Asker: 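Pasting in a structure now, in structure tokens, and then I'll have a few things to ask.
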Amino acid sequence: MKTYRVGIIGATGMVGQRFITLLENHPWFRLTHVAASAHSAGKTYQEAIGSRWAMGTPIPQQVKTMVVLDAVADAETIASQVDFVFCAVSLSKQETRELEERYAKLECPVMSNNSAHRGTLDVPMIVPEINDQHTDVIEAQRRRLGTKRGFIAVKSNCSLQSYVPALHPLKPFGITQVLACTYQAISGAGKTFETWPEMQDNVIPFIGGEEEKSEQEPLKIWGAVENGQIVPAAAPSFTTQCIRVPVSDGHLAAVFVSFETKPTKDQILAAWENFRGYPQEHSLPSAPKQFLHYFAEENRPQTKLDRNLEGGMAVSIGRLREDNQYDYKFVCLSHNTLRGAAGGAVLMAELMASKGFLDE
């Protein structure tokens, strides 16, 4: 596999910082450009980030002295000098849409962590183990944008990464209804306990826009490519509640599910254990060897113990049991800034590289 030159748009935010740590020793991707707002432009990365570096490891030495570019004003320069970009900006949805399309039209593929294009019907929203076939829509998107190489691909909302992967292998049993309550870490809001002290010893039962995303995005992930668009699946029906809890990293989900044909517990456990997707079959660098891990212990998974399983890229499941209103209930956990955000986008880029979408 060739080495690809990579830029990060929105490099000073929480997800941008995570991208930097993940690219430090990546075998395929080499970080060459960092960009942020005009306020940070012209400074070295270390000067721009100041005391806001929130990762558990230090800023990589070679990144400290990189000069931060202006994500908007320097778009043409960046696009001409990288093979693709990761995008994790803090702009309005309209501004984000315009910026991502600008890079794509400059023939620079965009791997987006933002929500602005998740509803765009010719933009694939990829969970690499689940719907790699949605890359088929890129050709139609390129025709719309008038590009030969540029395109946009997005990852889903971070909360979905905990429960949709666990549901996906159960689709052959005919999922009819899903109720999911997610208990989401503060890093999902780009915060730490130092910057958000009111979250200590506190639970907030509302995250703006999160429940709508959690109910609608799974249907796009499970949709079909038809006539150059992704047509969302008509079923199952989802209902969700999304709650912010005093945890640094890791989104936990309590899931209730009913089926057309109720499987046995052993059938569910076998479906999880045997599930493999494109990343495992093609040994992508960031792919967990075992995507779905089931814990038999009654008190697992636990956020603090299990969020970093397989480098934070695996999904943990536990407490599978029958329910008196739904057929089954269980608990899931994923690392929201790794599998759920930057790590998921890096794996998506590896998928695109593997399929040839990042080549000339």
Side-chain angles (χ1 to χ4, degrees), residues 13-15 17-18 22 54-56 88 113-115 118 125-130 154-168 178-193 196 199 202-218 221 238-257 272 286 288 291-295 299-319 329-348:
M14 180 79 78
V15 176
Q17 293 176 35
R18 182 66 77 180
L22 293 174
M55 299 296 104
N113 190 73
N114 299 103
S115 64
R118 288 183 194 151
M125 182 167 61
I126 302 285
V127 179
E129 283 87 351
I130 294 177
V154 300
K155 55 154 291 298
S156 72
N157 184 270
C158 55
S159 64
L160 270 67
Q161 305 286 337
S162 57
Y163 61 90
V164 172
L167 291 168
H168 184 72
V178 177
L179 183 157
C181 295
T182 58
Y183 304 88
Q184 301 184 206
I186 63 173
S187 56
K191 304 286 189 179
T192 65
F193 287 116
W196 202 4
M199 269 309 302
N202 195 19
V203 170
I204 298 178
F206 174 72
I207 305 172
E210 200 80 355
E211 288 160 4
E212 294 84 350
K213 297 172 190 174
S214 299
E215 293 171 358
Q216 296 166 8
E217 290 184 16
I221 291 169
F238 279 84
T239 185
T240 65
Q241 287 206 104
C242 299
I243 299 167
R244 190 73 72 191
V245 294
V247 167
S248 58
D249 293 300
H251 288 354
L252 190 82
V255 183
F256 302 76
V257 58
W272 286 337
S286 299
F291 181 35
L292 306 175
H293 288 251
Y294 184 78
F295 288 88
N299 64 346
R300 302 282 288 277
Q302 292 181 26
T303 303
K304 196 170 185 178
L305 294 179
D306 302 312
R307 60 191 168 200
N308 289 312
L309 189 63
E310 296 221 35
M313 292 298 288
V315 174
S316 303
I317 313 170
R319 301 202 69 209
K329 54 190 172 186
F330 52 87
V331 174
C332 303
L333 170 71
S334 66
H335 195 302
N336 57 298
T337 68
L338 288 167
R339 166 56 72 165
V346 170
L347 187 60
M348 178 173 69

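Keep in mind that this is a model prediction, so the values were computed, not measured.
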Asker: Are Thr192 and Ser248 packed together at the side-chain level, in the sense that at least one heavy-atom pair is separated by less than 4.5 angstrom?
Answerer: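 No, too far: nothing below the 4.5 Å cut-off.
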Asker: Give a yes or no on whether the backbone of His335 and the side-chain of Gln161 come within a donor-acceptor separation of less than 3.5 Å.
Answerer: no
Asker: Do Leu338 and Asn308 have side-chain heavy atoms sitting under 4.5 Å apart?
Answerer: yes
Asker: Enter the distance from Gln241:CD to Glu210:CD here, rounded to the nearest 0.5 Å.
Answerer: 13.0 Å
Asker: What's the shortest heavy-atom distance between Pro165 and Leu292, and which atoms?
Answerer: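 Smallest heavy-atom distance, with atoms named: O-CD1, 3.6 Å.
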Asker: Can Glu310 and Arg339 be counted as an ion pair, charged N to O under 4.0 angstrom?
Answerer: no
Asker: Which heavy atom in Cys242 sits nearest to a heavy atom in Glu211, and how many Å separate them?
Answerer: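 Looking at all heavy atoms of both residues, the shortest contact is N-OE2, 2.9 Å.
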Asker: Under the 3.5 angstrom rule, does the side chain of Arg118 hit a backbone N or O of Glu217 as a donor-acceptor pair?
Answerer: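 Pair absent, no side-chain N/O of Arg118 close to backbone of Glu217.
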Asker: Measuring from atom OH of Tyr163 to atom SG of Cys181, what distance do you get when rounded to the nearest 0.5 angstrom?
Answerer: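 Going from OH on Tyr163 over to SG on Cys181, the span is 10.0 Å.
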Asker: Using side-chain heavy atoms (C-beta onward) and a distance below 4.5 Å, is Arg244 in contact with Ile207?
Answerer: yes
Asker: How far does CG of Leu305 sit from OG of Ser316, to the nearest 0.5 angstrom?
Answerer: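 Going from the CG atom of Leu305 to the OG atom of Ser316 covers 10.0 Å.
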Asker: Under the ring pair (Phe, Tyr, Trp, His ring centres under 6.0 Å) rule, collect the residues that match up with Phe330, sequence neighbours excluded.
Answerer: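 Phe330 satisfies ring pair (Phe, Tyr, Trp, His ring centres under 6.0 Å) with Trp272 only.
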Asker: Report yes if the side chains of Asn114 and Val154 come closer than 4.5 Å at any heavy-atom pair, otherwise no.
Answerer: no
Asker: Within the 4.5 Å heavy-atom criterion, are Leu167 and Phe238 side-chain neighbours or not?
Answerer: yes
Asker: Could you report the tightest heavy-atom contact between Val331 and Pro301, atom names first, then the distance?
Answerer: O-CD, 4.3 Å
Asker: With no hydrogens and no angle check, is any side-chain donor or acceptor of Thr239 less than 3.5 Å from a backbone partner on Leu179?
Answerer: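 Such a contact is absent between Thr239 side chain and Leu179 backbone.
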Asker: Decide yes or no for Gln17 and Thr337: does some side-chain heavy atom of the first lie under 4.5 Å from some side-chain heavy atom of the second?
Answerer: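 Not touching, per the 4.5 Å side-chain cut-off.
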Asker: I need the minimum non-hydrogen distance between Lys191 and Met14, along with the two atoms involved.
Answerer: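 That would be O-CE, 3.5 Å.
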Asker: Quick one, Thr182 and Thr240 - any side-chain contact, counting heavy atoms below 4.5 Å?
Answerer: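 They are not in side-chain contact.
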Asker: On a heavy-atom basis, which atom in Ala342 and which in Arg18 lie closest, and how many Å separate them?
Answerer: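 Closest approach of Ala342 to Arg18, heavy atoms only: CB-CG, 3.5 Å.
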Asker: Taking the side chain as every heavy atom from C-beta outward, state whether Ile130 and Val164 have any pair of such atoms under 4.5 Å apart.
Answerer: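 Yes, their side chains come closer than 4.5 Å.
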Asker: Answer with yes or no whether the side chains of Ser159 and Ser214 bring together a donor and an acceptor at under 3.5 Å.
Answerer: yes
Asker: Got a second to check how far Asn157's CG is from Ser115's OG, nearest 0.5 Å?
Answerer: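 So the gap between those two atoms works out to 8.0 Å.
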Asker: So how far is it from Tyr294 OH to Ile317 CD1, rounded to the nearest 0.5 Å?
Answerer: 8.5 Å
Asker: Donor-acceptor pair, Arg319 side chain versus Arg300 backbone, under 3.5 Å?
Answerer: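 No, Arg319 side chain to Arg300 backbone: no donor-acceptor pair under 3.5 Å.
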Asker: At what distance, to the nearest 0.5 angstrom, does CD1 of Ile204 lie from CD of Gln184?
Answerer: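 Here the rounded value is 12.0 Å.
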Asker: Provide the closest heavy-atom pair for Val247 versus Asp249 in the form atom of the first, atom of the second, distance.
Answerer: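 Heavy-atom minimum between the residues: CG1-O, 3.2 Å.
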Asker: Do side-chain atoms of Lys155 reach the backbone of Gly340 as a donor and acceptor pair under 3.5 angstrom?
Answerer: yes
